[in-house]
Amino acid sequence: MLLGCIGDDFTGSSDLANTLAKAGMRTVQYSGVPTHAADADVQAGVVALKTRSIPAAEAVAQSLKALEWLLAQGCEQIYFKYCSTFDSTAEGNIGPVAEALADALDARAVIVCPAFPGTGRSIYQGHLFVKDVLLNESGMQSHPLTPMTDPDIRRVLAAQSRGSVGHVDAATVLSGAPAIRARLESEAEAGRRLIVVDALQDADLMQIGAAAKGLKLITGGSGAALGLPANFGIASQDQASWTGATGKCVILSGSCSIATRGQIAHHKVAHPSLEVSADMLFGGKVTAQSAADWALRTEGLPLIYSSADPQVVAAAQDTYGREESADRFEQFFAEVVRILTANGISKLLTAGGETSGAVVEGLSLKQLEIGPEIDPGVPALRAGEGLVLALKSGNFGSVDYFEKAARVLDGATP
């Protein structure tokens, strides 16, 4: 294994695995820290954790355990993957995990670059944009677990880190890899170990990747990994042929992002859907069994969703508690997929990082093979002979994503 990756959630990990696989690396995604050695032909291993919104100390401990396993596989470089919208709070977990990994690796200069131009995420003068608006005006300010109210990544990172934060500006990035590397070195010399790097387009990310050759640790969204395979002498190549699965596909969505809510509204026009509110779940009006039974007997492409407007989510959190609400919905979705797969469902689509994590953990999926890209950042995945799925970040995907993804899981070419 050449490149070892640690993801703070399951959808982001599959996003990164997709980027590396498209660039030619033999990539495998692991759910949690494996207890066995990787296959000998794996060049990039992505250890998917669920550490984005847990206490920082727990996130650090799990990440260091993943690091230990990756180093034991022979990895020459480590990549810490977080969301392209830098999902975190003043307590972490991006800063604490990045610093802990840097300490363990004795890394002096650490790139921090959540940019992903393919999905509209760019960084200019240290500020994160989602398409043409600042992060704090993009809808992320209303995220139920990690509300992002400050677009200045330098300031956000400094609040959750011990050390000061450096910056490589857009003008330097546009000057190319040597200039980027020189600025990284100068920032490190000045004692600024975590260094935010601007990026406006994929070409910038390729130069950042070239500048990262030989660095012990890189952090970012999936975009910052675009140029890394070339550093190991690996070139893009055709991916292995994809074979889908037969039978019904079921969609599960817990994301409250603007993108996912739009996808749900589009899907409901022509397909069956079942909304599960917090009141229904806590009041016992719907259970995992009743929801799964509905999906199993319903024709077409059924959708079970808890996604709602921010005001509705906030009211539910006030009534039932933020952590209690999140835990109850995760338990619900985990039990639903256990019932579905026990009854022959072999194709699953999930929307939202927490929902996807609940599904993967609920089914005890240990290893995922990377298939074709459905939409930017969202690959099809194979969990074995009997199950194919796609784990979508809430903010990703076109408005007709669900229909498109179901066709790919059937075996169609994207």
Are [X] and [Y] side-chain neighbours, meaning at least one heavy-atom pair lies under 4.5 Å?
{"X": "V168", "Y": "D198", "value": "no"}
{"X": "L348", "Y": "L363", "value": "yes"}
{"X": "I304", "Y": "V336", "value": "yes"}

Any side-chain donor near an acceptor of the partner, [X] and [Y], under 3.5 Å:
{"X": "S164", "Y": "R192", "answer": "no"}
{"X": "S253", "Y": "S307", "answer": "yes"}
{"X": "Y124", "Y": "D169", "answer": "no"}
{"X": "S393", "Y": "N395", "answer": "no"}

Q.
Looking at E187 and R193, is there a salt bridge between them, counting it only when a charged N and a carboxylate O are closer than 4.0 Å?
A.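 Here R193 does not pair with E187 in a salt bridge, since their nearest N and O are not under 4.0 Å apart.
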**Q.** side chain to side chain contact (heavy atoms under 4.5 Å, CB included) between L389 and L365, intermediate numbers included
**A.** CA-CA 11 Å; L389 67 163; L365 304 180; 4.2 Å; yes
Under 3.5 Å, which donor-acceptor pairs link side chains of residues 263-272 to any protein atom two or more places apart or in another chain?
| residue | atom | partner | partner atom | Å |
| --- | --- | --- | --- | --- |
| Q263 | OE1 | K392 | NZ | 3.0 |
| Q263 | NE2 | F396 | O | 2.9 |
| Q263 | NE2 | G397 | O | 3.0 |
| Q263 | NE2 | S398 | O | 3.1 |
| H267 | NE2 | L301 | O | 2.9 |
| K268 | NZ | Y305 | OH | 3.0 |
| H271 | NE2 | E403 | OE2 | 2.8 |

Distance-only, no hydrogens or angles: does the [X] side chain make a donor-acceptor pair with backbone N or O of [Y] under 3.5 Å?
{"X": "T260", "Y": "G394", "value": "yes"}
{"X": "Q367", "Y": "A383", "value": "no"}
{"X": "D309", "Y": "Q311", "value": "no"}
{"X": "T27", "Y": "M25", "value": "yes"}
{"X": "K248", "Y": "T298", "value": "yes"}
{"X": "D39", "Y": "D41", "value": "no"}
{"X": "N231", "Y": "A212", "value": "no"}
{"X": "S161", "Y": "G163", "value": "no"}

Set of side chain to side chain contact (heavy atoms under 4.5 Å, CB included) partners for [X], sequence neighbours left out:
{"X": "S222", "result": "D15, L16, T19, K81, F116"}
{"X": "T219", "result": "F80, Y82, A98, V110, V112, L217"}
{"X": "A405", "result": "L349, I374, Y401"}

**Q.** Pairwise distance CD1(I234) to CG(L2) - rounded to 0.5 angstrom
**A.**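 The CG atom of L2 is 5.5 Å from CD1 of I234, to the nearest 0.5 Å.
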Q. Between atom CG of L20 and atom SG of C5, what is the distance when rounded to the nearest 0.5 Å?
A. 5.0 Å
Where is the tightest heavy-atom contact between [X] and [Y], given as atom of each residue plus distance?
{"X": "I123", "Y": "L200", "answer": "O-CD2, 3.5 Å"}
{"X": "S356", "Y": "T350", "answer": "OG-OG1, 2.6 Å"}
{"X": "C113", "Y": "I208", "answer": "SG-CD1, 4.2 Å"}

Q | Residues in side-chain hydrogen bond (donor to acceptor under 3.5 Å, both in side chains) contact with E369, at least two apart in sequence or another chain | A |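 Counting only residues at least two positions away or on another chain, E369 forms no side-chain hydrogen bond (donor to acceptor under 3.5 Å, both in side chains).
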Q: Could you list the residues that satisfy side-chain hydrogen bond (donor to acceptor under 3.5 Å, both in side chains) with S88, not counting sequence neighbours?
A: Q160
(Q) Test of understanding: with salt bridge (charged side-chain N to carboxylate O under 4.0 Å, His left out), list the residues that count as partners of E354, not counting sequence neighbours. (A) none
**Q.** Where at least one partner belongs to residues 6-25, residue pairs that pass ring pair (Phe, Tyr, Trp, His ring centres under 6.0 Å), sequence neighbours excluded
**A.** none
Q | Of all pairs that satisfy side chain to side chain donor-acceptor pair (under 3.5 Å), the ones with a partner from residues 126-142, not counting sequence neighbours | A |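 For residues 126-142: none.
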Would you be so kind as to tabulate the donor-acceptor pairs closer than 3.5 Å made by side chains of residues 61-71, with sequence neighbours excluded?
| residue | atom | partner | partner atom | Å |
| --- | --- | --- | --- | --- |
| S63 | OG | A59 | O | 2.8 |
| W69 | NE1 | H36 | O | 3.0 |

Q | Candidate pair D279 and S277, rule side-chain hydrogen bond (donor to acceptor under 3.5 Å, both in side chains), full reasoning | A | CA-CA 5 Å; D279 288 341; S277 69; 5.2 Å; no
Q: Would you please name every residue forming a ring pair (Phe, Tyr, Trp, His ring centres under 6.0 Å) with F232, sequence neighbours left out?
A: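 Listed in chain order: nothing, the list is empty.
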Q | Of all pairs that satisfy salt bridge (charged side-chain N to carboxylate O under 4.0 Å, His left out), the ones with a partner from residues 319-339, not counting sequence neighbours | A | K50-E330, E335-R338
(Q) salt bridge (Lys or Arg N to Asp or Glu O under 4.0 Å) for K216 and E76? Distances and angles first, verdict last. (A) CA-CA 7 Å; K216 296 178 180 179; E76 300 173 13; over 6 Å; no
Q. Would I94 and L157 satisfy side chain to side chain contact (heavy atoms under 4.5 Å, CB included), going step by step from the backbone distance to the final call?
A. CA-CA 7 Å; I94 295 173; L157 186 59; 4.3 Å; yes
